[in-house]
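We name chains A, B, ... by the order of the sequence lines, and we start the count at 1 in each one. Atom set for the values below is all heavy atoms of this structure, side chains included, hydrogens, waters and symmetry mates excluded.
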Amino acid sequence: MRLILPLLLAAAFPAVLPAQAPKSAAPKKMTPPPPAAPRPFAFPKFTSRTLANGLTVFVVEDRRLPLVAYSLQLRAGKLNAPPAKSGLASLTAGLLREGTATRSSQEIARLVDNAGGSLSAGSGDDFTSVSATFMKTHASLGLTLLADIVRNPVFAQDEIDRALQQAQSGLAVQYNDIQFVLPVAATRVLFGDHPYAYPADGTPQSLRNLKREDFVAFHRQHFAPARAWLAIAGDVTAEEAFAAAEKAFGDWKATPAPDPAPPAPPAPKAQVVLIEKPDANQSQISVGHLGVPRSHPDYLPLQVANQIFGGSFNSRVMLKLRANEGLTYGAGSSFRSLRLAGGFQVSTSTRTERTADAVQFIVDLIRDWKENPATEAELAEAKAFLIGSFGVELETAGAVAGRVLAQALYGLPDDYYPRFRERVQAITLQDVEAVVRRHIDPTKLTVAVAGNTSAFAKDLAKHGPARLIPIADFDPLAPNLIREKETVVTSAEGAARARQLLDAAAQAMGGREALLAVSGYSLKGPAKLNTPQGELDATVAERVEFPGSYRLALDVMGMSIVQATDGAAAFIAQGPKAQDLPPQFAAELTKAAFTASGLGLLRAALKGEAELAPLAPADVEGRPANVLLWTRNGFEVKMFIDTETNHLRKLSYRGMGMQGPTETDVVFGPYAPAGALKLPESETVFQNGNKAIQRSLAGREFNPPADPAAFRKPAQ
Amino acid sequence: MRILNGSPMFAGCLAAALAAPALSAADVPPPMKIQQHQLKNGLKIVLAEDQSRPVANLQIWYHVGSKDERPGRTGFAHLFEHIMFRGSRNVGPEEHMRLVREAGGEINAYTSFDMTVYWQTFPSHYLERMLWLEADRMASLDVSEENFQKEREVVKEERRERFENPPYGRLIEDILSHTYATYPYKHPPIGSMDDINAATIADVREFHSTYYVPNNATLVLVGDFDSKQALALIEKHFAAIPRGKPVPRVKATEPSRAKPAEIRVKYPNAPLAAVVTSYLLPPMGHPDSYALEIASAILSSGQSSRLYKRLVYEERTALAAFGEGQFLEGPSFFFGAGIANQGKDVAEVAKSLEATYASMMEAPVTDEEIEKARNQFVARFIIGREGVQAKADFLGRCAVLLGDPERYNSELERYRAVTAADVLRVMKQYLDPRRQVKIWVEPGAGAPTGE
């Protein structure tokens with residue numbers, strides 16, 4: 001090891017060492033100086049008062065800087081929303097800032113920004129939290145705005161639409177990402193049907209269930225002074241602060257709905273849950289079981305124990321999985337303790353080939369931990385970390401306010417944080433041993449793994465009964481976590497009814513002969529794309545050649561993107577650069593050859609190449625429609641046929657969008673003559689419930705001369 | 001160029017601040033008590049006690065940045081910063097980071113045009129350990145060829161990810177190379193790929209011995225400690241490090257621009273045309289720099305900025321409009337840019353950019369604009385500086401770049417004193433069209449296809 005020393009280094013250090021000095025000749029490494037004893041620290045004093053309406057107010061006087069930090073916590077979270085409406089609490093919080101009875105969203109933003117302040121709201125498992133920090137001279141504006149968004153949000157429809165669209169866009173990506181899906185799956189399995197099981201941000205399905213009245217009702221039922229705690233920390237006197245709170249909230253009247261009392265989560269048991277994503281080259285792993293709620297007396301010793309096991313850089317989990325085995329860059333464990341229950345999880349990720357090993361190592365580590373919970377050296381280091389980080393995380397007035405509130409929200413003693421360092425210091429080896437033995441059970445582990453599961457599923461079977469869920473079918477709301485498929489009636493009557501509907505639809509489109517005479521078409525027209533940033537104008541050129549060739553060229557923002565398939569291979573091109581698409585995308589594009597204007601679906605059904613079954617009727621934009629389920633090679637499409645005109649009004653199917661699994665609805669506009677047929681002149685495409693594209697379908701050219709090159713990747 | 005305390009401009013600003021309404025005078029942070037010391041080996045020490053939390057932040061500011069790099073070795077100061085974490089005589093690779101994190105602390109470093117800063121926030125009773133760690137790598141950087149190569153690859157990947165792959169990633173490089181004729185701000189801290197590739201471990205040794213010496217360093221310590229004890233510990237661990245040679249300083253000057261320049265560049269990854277206009281500005285701390293910072297914010301910061309409102313929201317000529325003023329030890333710069341919207345002529349975007357600047361030269365900005373900009377700057381001094389790291393960071397800036405740590409307590413008033421008239425004046429003087437550098441960015445991605 002070469003030693004690089006400054007050229008003028010002299011007396012204090014030994015001479016420059018030779019470039020290839022063997023380690024034994026190197027001077028003895030000095031060890032870092034030990035820390036001194038923790039320096040004295042007095043947690044800031046706070047006072048509290050409860051207003052007549054039940055709102056509890058805490059004040060922390062902190063004159064260090066001319067600012068005031070407000071934090072309001074409401075007992076309104078995941079726990080208060082039904083699973084089918086997962087995401088409700090989180091989105092309600094997100095919408096608070098977007099307009100009140102007297103201030104628009106832009107007005108609120110302007111007032112906050114002009115004052116150099118901040119205002120935010122969010123929601124989690126148990127609580128909704130609304131915070132604001134303003135300079136002293138603007139502090140009363142800050143409290144006024146905070147009170148306004150808490151008490152008087154209007155939940156305007158356009159703001160709801162925008163929020164849902166953004167949330168859906170985000171989820172579409174996330175539900176195709178094993179890093180996101182795995183913890184959601186693990187939590188769901190661990191907590192069973194308990195409200196804590198469901199994802200706080202919702203699922204693509206649950207977000208579609210949210211209507212304006214849900215937000216209004218959630219707010220009315222759960223935002224109430226008796227369920228709220230307000231902390232004011234900063235450059236204020238207690239009297240000033242209590243008076244301001246009284247002014248802002250004194251006349252707040254709202255009666256909350258009763259607190260939910262959900263049944264306990266299911267007893268832990270050994271089990272394996274596999275989320276299959278064949279193209280993943282890494283696996284995400286989570287191993288654990290239930291833990292303790294936040295107010296449990298064992299919580300703090302368990303935090304110390306966890307720091308040893310999987311909390312720190314040189315924890316047992318890190319040392320084994322990273323340093324010793326080289327399996328991963330990151331591995332850790334945690335006790336996630338919520339108000340009513342908690343979980344314990346060890347998490348890591350590794351290559352597909354080493355997944356089974358990683359799981360085994362984790363299980364062995366847990367087993368060993370129960371036998372040997374801690375050494376004195378590990379204990380000292382863990383306690384030092386918790387004592388040290390406590391101060392580092394307490395610098396701001398807002399941080400102190402947060403600790404004071406946590407005591408109230410979780411029913412902790414008033415001096416929990418003021419005496420935190422002493423509490424940690426007092427924890428003994430026996431305490432840690434006792435809580436590990438009491439709460440850790442290696443025989444009842446839930447092993448959840450997401451990745452290319454076929455490579456290791458067999459090796460994981462030893463850890464418990466296993467179930468396998470393809471990632472595209474993963475639905476946290478479903479009883480068995482697998483997206484429910486429509487039940488199809490197959491009977492003689494059903495088949496006859498389906499045939500009848502098919503014939504009527506074919507007739508309305510121009511008749512069997514005319515339909516089968518079409519070999520393909522090309523079409524070019526304007527389109528509008530809806531993005532979270534707004535509407536964009538585009539041009540779409542589409543070309544279909546039956547049975548399975550499809551080409552779509554999209555020109556938008558000066559870019560030209562072409563995707564096409566000839567039924568066997570597919571490519572995507574942006575400008576002159578083209579690349580092959582993997583097989584699953586080729587399959588997606590071929591689906592488009594069927595769904596485009598519904599033509600391919602009808603042709604295939606008429607030729608007997610698809611199965612049909614009637615489903616329950618449904619409405620399309622207020623008009624009743626008969627519904628047919630069309631199936632071919634596992635591809636299912638719901639066809640909505642207007643009961644009056646027999647026009648194909650809408651298609652619904654599930655596909656793979658660029659961002660992940662997508663529920664697509666295509667709603668057709670009015671029909672008009674098109675060549676020998678009658679076809680829709682326009683369509684609107686919805687993805688996961690959000691309007692994505694509207695485009696013109698007018699001006700189709702039927703049976704253009706065959707052009708195989710149009711569907712093949714251009715030479716590069 | 002350093003501001004002189006007795007200068008007429010400063011006195012004027014002070015008078016204006018005192019005349020401001022009493023309301024805004026209430027948001028005055030209490031002055032920080034600052035102590036200054038210096039060891040015999042040249043190490044400067046700046047201390048500020050704050051016992052309100054059992055936390056401290058230790059920073060070592062090495063007064064070397066990308067502007068000190070020699071031609072053929074751009075990017076070296078930044079590469080060297082990475083290498084500083086790879087071990088010293090008594091500390092293994094990444095061991096420094098591990099020790100800080102295990103104590104419950106946070107650690108990082110950054111390299112800029114003018115300086116390289118190493119900082120850690122930690123529970124205050126670990127002070128001696130942190131001093132020992134920083135002293136060890138100041139005295140005895142220890143890097144193997146293997147680790148050097150590894151870090152070089154990491155830096156190359158950083159350059160690819162941040163500057164080569166994104167569609168307009170090269171913009172900052174082109175802005176710098178064309179805005180500066182001679183001053184070594186001409187290249188960005190990331191450096192060029194060729195130069196990064198050409199760096200050798202011998203360069204590491206030379207750089208350390210030239211710039212990483214106590215006479216080129218300032219130690220900043222803010223938080224919970226006793227100054228006497230802290231000084232004794234600093235002596236104990238740093239005094240033995242020998243003074244280095246006198247440190248070479250940048251002597252270049254940048255001539256002020258007499259007539260505008262226009263350049264065309266092409267970005268293969270960019271889908272849309274863009275145009276950038278840039279201007280040279282005086283250094284940080286110059287009497288006009290405060291009004292210029294506020295003018296930059298009004299022009300280019302956020303969705304209520306002049307550029308965004310006019311180009312994106314109202315005219316819709318631009319898909320995006322943005323800009324920034326960078327205030328440096330040497331001559332500073334401002335740039336404003338617009339990416340043309342689909343179907344819009346980029347020449348229109350350029351006209352809109354210039355019209356926006358002109359609007360701020362023809363009439364003073366509104367009361368609301370100046371109040372918002374002022375409040376946001378003041379908020380940065382107050383809400384933004386609750387923690388020891390933010391305090392120490394600004395203290396380091398005042399000490400090393402402005403030459404006087406006491407400015408920590410006086411800078412805020414300079415911002416607060418800026419009036420709409422000041423903004424008008426500096427806009428006219430510094431964003432004069434004759435001083436402009438204009439860069440036309442041609443897109444490289446394919447034109448829309450016909451069918």
K.L.:
Shortest non-hydrogen contact from B:Ala379 to A:Gly116?
P.N.:
CB-O, 3.2 Å
K.L.:
Could B:Lys391 and A:Glu395 be called an ion pair, given the rule that one side-chain N must be under 4.0 Å from one carboxylate O?
P.N.:
no
K.L.:
With a 4.5 angstrom heavy-atom cut-off, is it the side chain or the backbone of B:Gln303 that approaches chain A, or both, or neither?
P.N.:
neither
K.L.:
For a quick test of reading the model, state the closest non-hydrogen atom pair linking A:Lys29 to B:Gly92 and the distance between them.
P.N.:
NZ-N, 3.7 Å
K.L.:
Just checking A:Arg63: does its CZ atom have more than 12 heavy atoms from other residues, nucleotides or ligands closer to it than 6.0 angstrom?
P.N.:
yes
K.L.:
Could you tell me which portion of B:Val388 (side chain, backbone, both or neither) has an atom closer than 4.5 angstrom to a non-hydrogen atom of chain A?
P.N.:
both
K.L.:
Quick check for you: among A:Lys577, A:His138, A:Glu381, which has the greatest number of heavy-atom pairs under 4.5 Å with chain B?
P.N.:
A:His138
K.L.:
Minimum heavy-atom separation for B:Arg101 to A:Phe385, with atom names?
P.N.:
O-CE1, 3.2 Å
K.L.:
Taking atom CG of A:Asp537 and atom CG of B:Asn341, what is their separation to the nearest 0.5 Å?
P.N.:
10.0 Å
K.L.:
Tell me, for A:Asn314 versus chain B, whether the close heavy atoms (under 4.5 Å) come from the side chain, the backbone, both or neither.
P.N.:
both
K.L.:
Just verifying a value: how many Å separate B:Ile383 CD1 and A:Thr396 OG1, rounded to the nearest 0.5 Å?
P.N.:
11.0 Å
K.L.:
Between B:Arg98, B:Glu95, B:Arg385, B:His237, which has the largest tally of heavy atom pairs under 4.5 Å with chain A?
P.N.:
B:Arg98
K.L.:
Side chains of B:Ile382 and A:Pro66: does their closest heavy-atom pair fall under 4.5 Å?
P.N.:
yes
K.L.:
Going from CZ on A:Arg39 to OG on B:Ser124, what distance comes out if it is rounded to the nearest 0.5 angstrom?
P.N.:
5.5 Å
K.L.:
Please report the closest heavy-atom contact between B:His125 and A:Pro38, naming both atoms and the distance.
P.N.:
CG-CA, 3.5 Å
K.L.:
For the atom pair CD (A:Glu393) and CD (B:Glu106), what is the distance rounded to the nearest 0.5 Å?
P.N.:
7.5 Å
K.L.:
With a 4.5 angstrom heavy-atom cut-off, is it the side chain or the backbone of A:Ala397 that approaches chain B, or both, or neither?
P.N.:
both
K.L.:
Where is the tightest heavy-atom contact between A:Val392 and B:Thr121, given as atom of each residue plus distance?
P.N.:
CG1-CG2, 4.2 Å
K.L.:
Go through the atoms of A:Phe43 and report whether side chain, backbone, both or neither lie under 4.5 Å from a heavy atom of chain B.
P.N.:
neither
K.L.:
Contact part of A:Phe41 toward chain B, heavy-atom cut-off under 4.5 Å: side chain, backbone, both or neither?
P.N.:
side chain
K.L.:
Distance check, rounded to the nearest 0.5 Å: B:Lys372 atom NZ versus A:Arg110 atom CZ?
P.N.:
10.0 Å
K.L.:
Using only atom types and a distance under 3.5 Å, with no angle test, would you say the side chain of B:Asn90 pairs donor to acceptor with the backbone of A:Thr31?
P.N.:
no
K.L.:
Measure distances from A:Val400 to the heavy atoms of chain B and classify the residue's part below 4.5 Å as side chain, backbone, both or neither.
P.N.:
side chain
K.L.:
Would you indicate whether A:Glu701, at its atom CD, is surrounded by more than 12 heavy atoms from other residues, nucleotides or ligands within a distance under 6.0 Å?
P.N.:
no
K.L.:
With the side chain counted from C-beta on, respond yes when A:Pro44 and B:Arg53 share a heavy-atom pair under 4.5 Å apart, and no when they do not.
P.N.:
yes
K.L.:
Between CE of A:Met135 and CG of B:Asp27, what distance do you get to the nearest 0.5 Å?
P.N.:
5.0 Å
K.L.:
Please tell me if the side chains of B:Ser304 and A:Asp113 come closer than 4.5 Å, counting only heavy atoms from C-beta onward.
P.N.:
no
K.L.:
In this structure, which one of B:Glu368, B:Gln376, B:Arg374 forms a side-chain hydrogen bond (donor to acceptor under 3.5 Å, both in side chains) with A:Asn114?
P.N.:
B:Glu368
